[in-house]
Amino acid sequence: MRSTSRAFLSLYLRLREAYGPQGWWPLPSMAGARGFDSGGYHRGSYRWPRSPEGRFEIILGAILTQNTAWTNVEKALERLRRAGLVLPDQFLQVPARSLARFIRSSGYFNQKAKKLKAAARVFSQPGFLEPRSAPSREDLLSLWGVGRETADSILLYAFGRPVFVVDAYTRRIFGRLGVFDGTESYDQVQQKFHDLLPARPRIYNEMHALIVEHAKQHCRATPVCSGCPVSLSCRYFSASS
DNA sequence: CGCCAGGTGGGAT
DNA sequence: ATCCCACATGGC
């Protein structure tokens, strides 16, 4: 257990060294603002959003990015923001049909419009956008359109809860590394990270962001192993070289 | 072109 | 419980 934990930490540090700080979660509304880059990523040390608008933007993004490239999500968030839709109450005033038009670029727009309405209904309740009194994981999972990954993204990135986010990239990368065989459930994969990493939102945040970056740069659907920072501990690389 | 992208819900088996 | 499919745009 201890040695495996050290291996995980070592992997984390390797990725951290290779890709640098990631500054997640991106807030497109903050693009170009002081301390943010043109994509709305933080520069330097990350801080969780202090405003309800910021936290709700993360919630919107977490839903809109389901099985969708982030660039398409950025456009949708931009359209929503320009329409003045930044807080839950405002979403409740707008029919799903209209919402769907704003978020067209993010794909699955009819479904996602419905999901945004469901989220708006919950987060319009007093205090629900405050970290002190945010909804539980169970509350979030009961929402139509919010599954485990989306719930955990909201808990970690909007509210700073120590919950590790498991996505398709996590399974792909750690599957190739030889840690998982592909049969594990979401909760089993998550449990492994909870067991082997320090239970700190900071670490979970950065690890997940690094996983996404690594999946994009090297551990793609068709792997690009040349220059991979963790190839030496990778079963797939060993087997294919 | 076809594949892929920070999934989820619902229905069939 | 698990498998299969619909949902949809945009970039490479």
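Computed from heavy atoms alone, side chains included, the values below leave out hydrogens, waters and symmetry copies. Below, read A as the first sequence line, B as the second, and so on, with proteins coming before strands; counting in each chain starts at 1.
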>> Both A/Gly145 and A/Ser153 contact DNA chain B. Which one's nearest nucleotide lies toward the 5' end?
In response: A/Ser153
> With nearest nucleotides of DNA chain B determined for A/Ala69 and A/Gln66 from heavy-atom distances, which residue corresponds to the more 5′ nucleotide?
Replying inline: A/Ala69
Regarding [X], tell me which of base, sugar-phosphate or nothing describes its non-hydrogen contacts under 4.0 Å with the strands shown.
X	answer
A/Lys75	sugar-phosphate
A/Gln111	base
A/Arg172	sugar-phosphate
A/Thr150	sugar-phosphate
A/Leu143	sugar-phosphate
A/Val146	sugar-phosphate

To the nearest Å, give me how far apart [atom1] ([X]) and [atom2] ([N]) are.
X	N	atom1	atom2	answer
A/Lys112	B/dT8	NZ	C1'	10 Å
A/Gln217	B/dA5	CD	P	15 Å
A/Trp70	B/dG7	CH2	P	12 Å
A/Tyr108	B/dC4	OH	C1'	10 Å
A/Trp144	B/dT8	CH2	C1'	7 Å
A/Leu64	B/dT8	CG	P	13 Å
A/Asp187	B/dG7	CG	P	16 Å

>> Which is more 5' along DNA chain C, the nucleotide nearest A/Asn110 or the one nearest A/Arg220? Just name the residue.
In response: A/Asn110
> Of A/Ile59, A/Val94, A/Ile63, which meets side chain to side chain contact (heavy atoms under 4.5 Å, CB included) against A/Leu116?
Replying inline: A/Ile63
>> What is the first contacted nucleotide of DNA chain C and what is the last, in 5' to 3' order, if contact means an atom lying under 4.0 angstrom from a heavy atom of chain A?
In response: C/dC7 to C/dG11
> Do the ring centers of A/Phe174 and A/Phe8 come within less than 6.0 Å of each other?
Replying inline: yes
> Taking the six-membered ring for Trp, are the ring centroids of A/Phe123 and A/Phe91 within less than 6.0 Å of each other?
Replying inline: no
>> A/Ser10 vs A/Arg6, test: side chain to side chain donor-acceptor pair (under 3.5 Å). Steps then yes/no.
In response: CA-CA 6 Å; A/Ser10 155; A/Arg6 196 158 56 219; over 6 Å; no
> Are any of the side-chain heavy atoms of A/Tyr41 and A/Trp24 separated by less than 4.5 Å?
Replying inline: yes
>> Could you walk me through whether A/Lys112 and A/Thr68 satisfy the side chain to side chain donor-acceptor pair (under 3.5 Å) test, starting with their C-alpha distance in whole Å, then the side-chain angles of each, then the deciding distance to 0.1 Å, before giving a yes or no?
In response: CA-CA 11 Å; A/Lys112 284 175 178 173; A/Thr68 300; 2.8 Å; yes
>> Walk me through whether A/Asp167 and A/Thr170 qualify under side chain to side chain donor-acceptor pair (under 3.5 Å).
In response: CA-CA 5 Å; A/Asp167 61 11; A/Thr170 310; 2.7 Å; yes
> Expressed in whole Å, how much space separates the P atoms belonging to B/dC3 and C/dA6?
Replying inline: 16 Å
